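Ligands are counted one by one from 1 in listed order, and the atoms in each one are counted from 1 as well. Note that the structure is a prediction, hence the values are computed from the model and not measured.
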Amino acid sequence: MKLSQLVSSKSLVLGIESSCDETGVAVVQMCSGKTPELLGAALHSQIEMHRAYGGVVPELASRDHIRRLIPLTNEALAGRNTALNAIDYVAYTRGPGLAGALLVGAGAACALGSALGKPVIGVHHLEGHLLSPFLSADPPQFPFIALLVSGGHTQLMRVDGVGEYALLGETIDDAAGEAFDKTAKLLGLPYPGGPQLAKLAEGGDPAAFKFPRPLLHSGDLDFSFAGLKTAVLTQIKRLVGDVPEGATVRGAGIESLSEATRRDLASSIQAAITEVLVKKSLKAVLQSGLQRLVVAGGVGANRSLREQLNAACAKAGIRVHYPELHLCTDNGAMIALAAAMRLQTDKAQPSRDYAFDVKPRWPLDQV
Ligand code: KG4
Ligand code: ZN
């Protein structure tokens, strides 16, 4: 008998996300033949805690996940008054991510599963992002091309169904989110820089500075963003004058630049990143012969990227789908959803031995 025949059409899946700096817990309910429904969700972002250090401190992240997981689980269950023992499956992010942070979620999920006598399911974090648009008001249909743009990954994939992922291209160095975060730091913006840079870019001139668009005409679907921060650093040095050897640009007077110049810098950086993402995504969709694009991951929240993609896709007759804004960055709902969609399609491997392991490095096409 197939697993999907054993899965009740009303099964409840609890999902736990703890791969980086957000602790997320959510409950979804399976609906036969339909996308699972989100019943409740709770999220805690560690941004404030890590800000003082200019980036994520792994040890602090793990400790905070431990502190937050049980209260967040109670909050997620309270959404629809769901009793803990009504949960049928406990899903958790198995990777990729920070090893210690992943272990907290995996440990909590296995303890919960063991105490309730329910199976646990390890989920790939990027699969969660990839499937998150299915929880939106305008869900996609398979097959489609996916642009995955997060803090750690920038990939174009062909998606033919749950678990059917073919990598078409990816970054050969920094991820798009990393490019936003690193250049934002050069502009003196606090961590995480992506949303801050996007805010500063509003009203700026995207053509004020000409930053490189690496691999734009490379003929393949790969990306490269590492050169951008060097180009931005050089431009800032030119604007603020000579920076002594070893001094940071920040210390050397980025603050002395006018608000208008900093806006133009932010806007030009954003334009360089988004132009490459838009052009390569369109190329991937046109090459595939498909007519659907799905954008997922934290950078998918970027308004300018969405506007440009919407315009380019409308012109080319391509439908584009995004997750709801609050589901773009890390959250528990996407983990519960991915587990539920795998259960519905006989692609989950629920386990009752609770001997969890995590995979800090885990390519999506090897799931
Ligand atoms: O998917 P995510 O929450 O975490 C990872 O799995 O990495 O993505 C976080 C990344 C960060 O680099 C953050 O700066 C970026 O997404 N990000 C944005 C925006 N919101 C989040 N980048 C540009 N514009 C935004 N509005
Ligand atoms: Zn993520």
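Looking only at heavy atoms of the protein, atom 2 (P) of ligand 1 is closest to Asp330 OD1, 3.4 Å. Given atom 24 (N) of ligand 1, the protein heavy atom at minimum distance is Asn302 ND2, 3.0 Å. The protein non-hydrogen atom at the shortest distance from atom 6 (O) of ligand 1 is His125 NE2, 3.1 Å. For atom 13 (C) of ligand 1, the closest non-hydrogen atom on the protein side is Asp181 OD1, 3.8 Å. Of the protein's non-hydrogen atoms, the one nearest atom 9 (C) of ligand 1 is Gly151 N, 3.7 Å. Scanning all protein heavy atoms for the shortest distance to atom 22 (N) of ligand 1 gives Gly194 CA, 3.5 Å. Closest to atom 21 (C) of ligand 1 among all protein heavy atoms lies Gly298 O, 3.4 Å.
Taking 2.8 Å as the limit, the number of protein N, O or S atoms around the Zn ion (ligand 2) is 3.
Note that SG of Cys313 is 5.0 Å distant from CG of Leu293, once rounded to the nearest 0.5 Å.
Ring geometry for His125 against His129 counts as perpendicular: the plane angle is over 60°, on a 0 to 90° scale with 30° as the lower cut.
Assignment of Gln270 to the shell around ligand 1 is not supported, since no heavy atom sits closer than 4.0 Å. Using a 4.0 Å heavy-atom cutoff, Arg303 is absent from the residues neighbouring ligand 1.
Contact atoms of ligand 1 toward Gly177: 12 (O) (distance under 4.0 Å to a heavy atom of the residue). Close approach of ligand 1 to Thr329 is summarised as follows: ligand atoms under 4.0 Å from at least one heavy atom of the residue are 3 (O). Each of the atoms 1 (O), 6 (O) of ligand 1 lies under 4.0 Å from some heavy atom of His129. Taking every non-hydrogen atom of Gly152 and a distance limit under 4.0 Å, the qualifying atoms of ligand 1 come out as 7 (O).
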> Given the rule in the side chain to side chain donor-acceptor pair (under 3.5 Å) test, do Ser19 and Glu17 qualify, once you have shown the distances and angles that lead to the verdict?
Replying inline: CA-CA 6 Å; Ser19 66; Glu17 156 63 29; 2.6 Å; yes
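Taking both residues in full, the closest heavy atoms of Ser218 and Lys280 are given as OG-NZ, 2.8 Å, listed atom of the first, atom of the second, then distance.
The environment of CD in Glu259 is crowded: more than 12 heavy-atom neighbours from other residues, nucleotides or ligands sit within 6.0 Å.
Ring to ring, Tyr354 and Phe356 are not that close: their centroids are 6.0 angstrom or more apart. Aromatic ring centroids of Phe134 and Phe142 lie under 6.0 Å apart.
Taking Lys210 as the reference, Arg213 meet the side chain to side chain contact (heavy atoms under 4.5 Å, CB included) condition, with sequence neighbours excluded.
Using a 4.0 Å cut-off between charged nitrogen and carboxylate oxygen, Asp357 and Arg94 count as a salt-bridge pair. Looking at Glu127 and Arg342, a side-chain N of the basic residue comes within less than 4.0 Å of a carboxylate O on the acidic one, giving a salt bridge. Taking a cutoff of 4.0 Å between a charged side-chain nitrogen and a carboxylate oxygen, Arg158 and Asp160 qualify as a salt bridge. A salt bridge between Asp174 and Lys229 is present, with a side-chain N of the basic residue lying under 4.0 Å from a carboxylate O of the acidic one.
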